[in-house]
Amino acid sequence: MSQFDTIMATAGLPAFRRVFGDAAVYTPPYTPPAEPAPVSTWVMLRHDDRTIGEYGLLNEPATTARLPVADVPAPKIGSALTVGSATYRIARIAERTAYFTQVVLQ
């Protein structure tokens, strides 16, 4: 692990969570025979315009969330994300980095 990764894990991500994060519960979709186990995590919600479409010519208002990879390494489309009293569904994966996965919510 690099020194940057160590700093992010011990100081950077906790600071993001404290300042920008909201407590959340990620629940994967049901896949037989096991019942999905909810995961307590945190997210950074954002309400903005996203470019969509095959050629990127269309903007639509969307709610996006950044999930920490440490808590939810591979979020699945169709999963539930509960933030406070609101429950969202993950519509698609927008971006993945080493620390966060950005998802578009319905």
Side-chain angles (χ1 to χ4, degrees):
M1 181 180 267
S2 71
Q3 186 174 4
F4 179 76
D5 288 333
T6 303
I7 291 170
M8 280 301 290
T10 58
L13 291 177
F16 278 129
R17 180 178 186 168
R18 226 179 9 261
V19 176
F20 301 111
D22 296 309
V25 176
Y26 168 82
T27 307
Y30 175 72
T31 51
E35 193 66 32
V39 176
S40 293
T41 186
W42 61 281
V43 297
M44 291 186 291
L45 286 176
R46 186 172 177 183
H47 306 283
D48 61 359
D49 288 342
R50 295 285 304 171
T51 303
I52 62 165
E54 184 176 353
Y55 302 104
L57 300 175
L58 185 63
N59 283 337
E60 75 172 5
T63 301
T64 60
R66 289 192 182 271
L67 293 160
V69 171
D71 295 341
V72 185
K76 294 183 175 22
I77 294 172
S79 300
L81 188 64
T82 305
V83 182
S85 62
T87 300
Y88 302 96
R89 291 274 173 214
I90 295 177
R92 64 183 184 270
I93 309 299
E95 178 185 5
R96 291 179 201 248
T97 66
Y99 303 105
F100 294 102
T101 301
Q102 183 176 13
V103 296
V104 178
L105 304 174
Q106 291 179 332

Exercise: identify the closest heavy-atom pair between [X] and [Y]:
| X | Y | result |
| --- | --- | --- |
| D71 | W42 | OD2-CD1, 3.8 Å |
| G78 | R89 | O-NH1, 3.3 Å |
| Y88 | T63 | CE2-CG2, 4.4 Å |
| L105 | A65 | CD1-CB, 3.8 Å |
| I77 | P29 | O-CG, 4.1 Å |
| P75 | V103 | CG-CG1, 4.1 Å |

Distance in Å, T64 OG1 paired with R92 CZ, rounded so as to fall on 0.5 Å steps: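 If I round to the nearest 0.5 Å, the distance is 10.0 Å.
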- prompt: At what distance, to the nearest 0.5 angstrom, does CZ of R96 lie from CZ of R66?
  reply: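 Going from CZ on R96 over to CZ on R66, the span is 13.0 Å.
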Indicate if [X] and [Y] have the same hydrophobic cluster label, given that clusters are the connected sets of ILVMFWY residues with side-chain heavy-atom separations under 4.5 angstrom.
| X | Y | answer |
| --- | --- | --- |
| L67 | L45 | yes |
| V83 | I90 | yes |
| I93 | Y26 | yes |

message: Are the side chains of T101 and V72 in contact, using a 4.5 Å heavy-atom criterion?
response: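 They are not in contact (no side-chain heavy atoms under 4.5 Å apart), so the answer is no.
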